[in-house]
Number of protein chains: 2
Amino acid sequence: MGASKTELHSTQHIRIAEIAKVLSHPARVAIMEHIASQQDCICSDLVEEIGLSQPTISQHLQVIRNAGLLKGNFEGKRLCYCLDAERLQEIQSLFNNFFNTSSANCCTL
Amino acid sequence: MGASKTELHSTQHIRIAEIAKVLSHPARVAIMEHIASQQDCICSDLVEEIGLSQPTISQHLQVIRNAGLLKGNFEGKRLCYCLDAERLQEIQSLFNNFFNTSSANCCTL
DNA sequence: ATTTAATATTGCAATATTACGATGTTAATT
DNA sequence: AATTAACATCGTAATATTGCAATATTAAAT
């Protein structure tokens with residue numbers, strides 16, 4: 001098969017998995033950190049910064065964008081990328097919630 | 001290619017990506033939550049609980065285990081799975097750290 | 001209007017993931 | 001010792017991901 005059986009899973013679990021998938025590649029983690037570190041929000045140096053080709057970076061950016069984690073102006077010659085702080089906070093809560101409920105009843109092995 | 005170019009990335013980013021990959025499938029999120037919810041730590045009902053076949057569940061469990069998130073007795077007729085609470089806490093810090101540094105300097109678009 | 005710089009899209013190859021049937025392994029039970 | 005219950009492993013098919021060269025698009029600069 002290869003495709004995951006999404007109909008089996010809760011929307012909550014699917015949501016966590018979707019976000020985790022964005023973070024499941026070191027290039028995307030690096031891209032997100034780098035965008036966040038830029039005060040002026042001009043991110044045309046990502047290719048040099050990360051070391052992957054321009055199409056590959058563009059592809060990773062789209063994954064981040066599709067998950068709703070990017071804000072900014074996507075048209076024209078120059079981009080102005082920013083992380084969506086609100087979304088980030090939502091996600092952080094989602095993950096913390098998961099970690100807290102998951103570590104709660106752990107047995108004492 | 002298809003294989004990620006791990007030599008380009010920092011160990012920190014690779015570590016985050018590794019853990020995120022574990023959480024990037026809803027079945028694994030569900031499995032982890034279910035294991036955590038079991039006080040007695042007997043988890044032979046995962047197949048019925050999740051709705052995937054026994055080999056598939058076993059495969060997902062191995063992914064979780066390989067990331068160092070499972071503790072317990074893996075031999076014999078019956079298993080005794082537990083989430084490794086210490087590791088979970090480590091991971092939670094790792095993620096929170098990432099989120100905090102990433103949302104810090106976000107521009108005001 | 002051309003050129004140029006920055007990014008997106010397309011097409012494709014290499015590899016990884018997901019899923020399950022069939023089969024192997026292990027230890028308790030009979 | 002044979003059976004059984006609970007997992008693991010193997011093999012394999014379907015699909016997804018990763019990466020880049022080539023090409024297209026876009027808007028500013030000339």
Side-chain angles (χ1 to χ4, degrees), chain A residues 1-9 13-14 17-31 34-35 38 40-67 70-82, chain B residues 1-9 13-14 17-31 34-35 38 40-67 70-82:
Chain A
M1 309 273 164
S4 41
K5 294 188 148 186
T6 47
E7 74 276 8
L8 291 177
H9 309 292
H13 292 162
I14 290 175
E18 276 173 357
I19 300 299
K21 190 163 278 185
V22 176
L23 299 179
S24 76
H25 195 291
R28 288 194 288 268
V29 177
I31 288 172
H34 189 257
I35 291 178
Q38 298 292 94
D40 57 355
C41 211
I42 303 292
C43 306
S44 55
D45 53 348
L46 273 172
V47 173
E48 298 154 32
E49 184 70 19
I50 311 290
L52 291 166
S53 76
Q54 181 268 320
T56 303
I57 295 290
S58 188
Q59 199 171 275
H60 281 306
L61 276 169
Q62 190 158 25
V63 174
I64 301 171
R65 198 188 313 156
N66 286 343
L70 273 188
K71 250 164 91 177
N73 173 28
F74 305 126
E75 303 156 42
K77 183 171 155 188
R78 272 190 168 274
L79 293 192
C80 185
Y81 284 127
C82 279
Chain B
M1 306 273 167
S4 41
K5 293 189 149 187
T6 47
E7 74 278 6
L8 291 177
H9 309 293
H13 292 163
I14 291 175
E18 277 174 357
I19 300 300
K21 190 162 279 185
V22 176
L23 300 179
S24 73
H25 196 291
R28 287 194 288 268
V29 176
I31 287 172
H34 189 257
I35 291 179
Q38 298 291 93
D40 58 356
C41 210
I42 304 290
C43 307
S44 55
D45 53 348
L46 274 171
V47 173
E48 299 154 30
E49 184 69 21
I50 311 291
L52 291 166
S53 76
Q54 181 267 320
T56 303
I57 294 290
S58 189
Q59 199 172 273
H60 280 306
L61 275 169
Q62 190 158 27
V63 174
I64 302 172
R65 198 188 312 154
N66 286 343
L70 273 188
K71 250 166 91 176
N73 175 27
F74 305 127
E75 306 154 40
K77 183 170 154 187
R78 271 192 169 273
L79 293 192
C80 185
Y81 283 126
C82 278

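Quantities reported herein were computed from a predicted structural model and do not represent experimental measurements. Below, chain A is the first sequence line, B the second, and so on; all start at residue 1.
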Item to complete: Starting from C1' on D:dC7, measure out to CD1 on B:Ile31 and report it in whole angstrom.
Response: 13 Å
Practice prompt. Kindly say whether, by distance alone, the side chain of B:Gln59 makes a donor-acceptor pair under 3.5 Å with the base of C:dA19?
Written response: yes
Worksheet item: Between A:His9 (NE2) and C:dT18 (P), how many Å, whole number?
Response: 10 Å
Worksheet item: Between D:dT9 atom C1' and B:His60 atom NE2, what is the distance in whole Å?
Response: 16 Å
Discussion item. Output the rounded distance in Å from CG (A:Leu61) to P (C:dT9).
Written reply: 11 Å
Worksheet item: Can you list the stems that include DNA chain C, where a stem is three or more consecutive Watson-Crick or G-U pairs with distances under 3.5 Å?
Response: C:1-30 with D:1-30
Worksheet item: Would you say a side-chain N or O of A:Tyr81 is under 4.0 Å from OP1 or OP2 of C:dA6?
Response: no
Worksheet item: Hey, does A:Gln62 reach any base, or is it just sugar-phosphate, or nothing, if we go heavy atoms under 4.0 Å?
Response: sugar-phosphate
Worksheet item: Once you round it to whole Å, what is the distance between C1' of C:dT15 and NZ of B:Lys21?
Response: 11 Å
Worksheet item: Could you state the CD-C1' distance from B:Glu18 to C:dA16, rounded to the nearest angstrom?
Response: 15 Å
Practice prompt. Let me know the distance between CD1 of B:Ile14 and P of D:dT18, rounded to the nearest Å.
Written response: 14 Å
Worksheet entry | DNA chain C contacts made by residues 50-58 of chain A, counting heavy atoms under 4.0 Å | A:Gln54, A:Pro55, A:Ser58
